[in-house]
Undergrad: 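Let me begin by handing over the structure; questions about it come next.
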Amino acid sequence: MANFETGVSGYIQVEATVRMSFPVDLKGNAYICCDACRFYRQSARRCALTDEPILWAGRYVGRECPFERMDENEAIQAAATG
């Protein structure tokens, strides 16, 4: 384990790819809101990825939401590879 008693000389940035699927009803209406996301922490009313407070989880996604909508071809390719 590193010893930080004398300070920190810098940081190393890392990156991750996270995939999430939002539900679509039988009429084709997508439900893209924080409360349908597995990374939304209802007890804290915060996003677990960004730590952003979410005020209207049943209506919107947070401003800092890292998810970008994929088109159907991208989604099929992503499902096939992973």
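This one's a predicted model, so the numbers in the text were calculated from it and none came from an experiment.
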Undergrad: Output the distance between atom SG (Cys34) and atom CZ (Phe22), rounded to the nearest 0.5 Å.
TA: 7.0 Å
Undergrad: Under the side-chain contact (heavy atoms from CB on, under 4.5 Å) criterion, do Phe67 and Arg19 qualify, and how do the steps go?
TA: CA-CA 8 Å; Phe67 293 116; Arg19 208 173 281 147; over 6 Å; no
Undergrad: Ignoring hydrogens and geometry, is there a side-chain-to-backbone donor-acceptor pair from Arg59 to Cys33 under 3.5 Å?
TA: no
Undergrad: Show the nearest heavy-atom pair for residues Ile32 and Val61, with the distance to one decimal.
TA: O-CG1, 3.8 Å
Undergrad: So, taking the atom named CD1 in Ile54 and the one named OH in Tyr60, what distance separates them when rounded to the nearest 0.5 Å?
TA: 13.0 Å
Undergrad: Any side-chain to backbone donor/acceptor pair from Glu52 onto Glu64? Under 3.5 Å, distance only.
TA: yes
Undergrad: Hydrophobic clustering (ILVMFWY, side-chain heavy atoms < 4.5 Å, transitive) - are Val14 and Tyr11 grouped together?
TA: no
Undergrad: Is it true that Met20 and Leu49 fall in one hydrophobic cluster, defined by side-chain heavy atoms closer than 4.5 Å?
TA: yes
Undergrad: Where the side chain of Arg46 meets the backbone of Asp51, is there a donor-acceptor pair that is under 3.5 Å apart?
TA: yes
Undergrad: Checking Thr50 against Phe39 for the side-chain contact (heavy atoms from CB on, under 4.5 Å) test, could you report, in this order, the C-alpha distance in whole Å, the side-chain angles of both residues, the deciding distance, and whether it holds?
TA: CA-CA 9 Å; Thr50 65; Phe39 298 103; over 6 Å; no
Undergrad: Hey, what do you get for CE (Met70) to OG (Ser21), rounding to the nearest 0.5 Å?
TA: 9.0 Å
